[in-house]
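The structure under discussion appears below in the form of structure tokens.
Note on naming: letters A, B, ... go to the chains in the order of the sequence lines (proteins, then strands), and numbering restarts at 1 for each one.
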There are 2 protein chains.
Amino acid sequence: MKLDDAAAHLEALGNPTRLKIFRALVRAGDNGLSVGKLQTRLDIAASTLSHHLKTLLVVGLITQERQSTTLICRASYDLMRGLVDFLVDECCVESTGTLCVTKSAC
Amino acid sequence: MKLDDAAAHLEALGNPTRLKIFRALVRAGDNGLSVGKLQTRLDIAASTLSHHLKTLLVVGLITQERQSTTLICRASYDLMRGLVDFLVDECCVESTGTLCVTKSAC
DNA sequence: CTCTTATTTCGATACTATTAGAAATACCGT
DNA sequence: ACGGTATTTCTAATAGTATCGAAATAAGAG
């Protein structure tokens with residue numbers, strides 16, 4: 001993953017409202033949640049929700065699937081995993097210490 | 001970790017310049033890097049760097065230690081690990097599918 | 001075709017972030 | 001104390017973001 005992409009993903013998750021949305025979708029798993037259900041659960045204005053969903057969508061953190069009138073949203077697990085990997089990647093490679101003998105230590 | 005804290009950390013990392021800074025420190029490991037060394041490496045204005053370092057500092061993503069005139073910065077590995085854990089935490093708990101039988105699958 | 005439900009776009013407002021040059025401060029070595 | 005190096009604060013211009021109500025669009029149901 002490129003740094004600018006990672007930054008874009010982190011920025012997208014860096015807003016409390018969007019993080020709430022994303023986590024609700026992460027919790028929901030492969031069932032996903034409709035926009036309407038998200039709105040009811042999180043109790044935010046529909047326009048605000050739509051705005052944030054678009055932000056998450058354009059960076060790829062979520063996907064959407066139409067089921068007639070309702071729109072099902074799902075977290076993109078691949079991208080989330082890639083982001084987590086990016087954060088710990090190259091950890092301590094310049095260190096002379098023993099902090100990162102194994103990657104799990106970071 | 002509370003959601004608002006996690007969002008603050010993600011937001012701090014969500015700026016390309018700050019992410020560059022943070023990654024340089026993550027690479028550096030427990031040796032850390034001085035502000036001046038960071039400035040030379042990343043080639044950004046000293047005032048801009050100082051500003052971003054403060055942002056990372058107040059959310060706790062980095063720590064600083066004075067060594068006479070120079071200021072050594074280090075990534076806070078604990079916080080980074082906490083953030084990564086937060087992201088995958090509660091993954092798929094509401095799912096009826098088989099996506100997350102083990103946590104590693106997320 | 002019209003009604004209803006679901007979601008998005010528009011428009012406006014208020015707030016916050018990014019950047020960097022210039023000036024200020026901190027601290028050590030001599 | 002002086003000079004030099006390291007870092008921060010001040011100031012300001014510019015641009016971007018968050019929010020929500022109102023209106024608009026989309027799509028199935030009757």
Check the distance between [N]'s [atom2] and [X]'s [atom1] and give it to me in whole angstrom.
X      : N       : atom1 : atom2 : result
L49(B) : dA20(C) : CG    : P     : 11 Å
L71(A) : dT9(C)  : CG    : P     : 11 Å
I44(B) : dT19(C) : CD1   : P     : 8 Å
I72(A) : dA6(C)  : CD1   : C1'   : 11 Å

Using a heavy-atom cut-off of under 4.0 Å over every strand shown, decide if [X] touches base, sugar-phosphate, or nothing.
X      : answer
T69(B) : base
T70(B) : sugar-phosphate
A45(B) : sugar-phosphate

**Prompt:** Do the side chains of I72(B) and V26(B) join up, straight or via other hydrophobic residues, at under 4.5 Å, putting them in one cluster?
**Reply:**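 Different clusters.
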
>> Test of understanding: clusters of I, L, V, M, F, W, Y form through side-chain heavy atoms closer than 4.5 Å, transitively. Do L56(B) and V88(A) belong to the same one?
In response: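 Yes.
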
### Message
Which is more 5' along DNA chain C, the nucleotide nearest E11(A) or the one nearest G36(A)? Just name the residue.
### Response
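Its nearest nucleotide being more 5', the pick is G36(A).
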
Between atom [atom1] of [X] and atom [atom2] of [Y], what is the distance when rounded to the nearest 0.5 Å?
X      : Y      : atom1 : atom2 : result
K54(B) : Q64(B) : NZ    : CD    : 10.5 Å
D4(A)  : H9(A)  : CG    : NE2   : 10.5 Å
I44(A) : Q39(A) : CD1   : CD    : 7.5 Å

Check whether any side-chain heavy atom of [X] lies under 4.5 Å from a side-chain heavy atom of [Y], and answer yes or no.
X      : Y      : answer
L71(A) : L53(A) : no
L25(B) : L38(B) : yes
L19(A) : F86(B) : yes
E11(B) : V59(B) : no

Note to self: Is R18(B) close enough to dT18(C) that one of its side-chain N or O atoms is under 4.0 Å from OP1 or OP2 there?
What the structure shows: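 True: R18(B) side-chain N/O within range (under 4.0 Å) of dT18(C) OP1/OP2.
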
With a cut-off of less than 4.0 Å, is there a side-chain N or O of S47(A) near OP1 or OP2 of dC10(C)?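 False: S47(A) side-chain N/O out of range (4.0 Å or more) of dC10(C) OP1/OP2.
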
| message | So if I take residues 50-65 of chain A and measure heavy-atom distances to DNA chain D, which residues fall below 4.0 Å? | response |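 Hits under 4.0 Å, by residue number: H51(A), H52(A).
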
Bounded by its outermost nucleotides with an atom under 4.0 Å from a heavy atom of chain A, the footprint on DNA chain D reads dA18(D) to dG28(D)

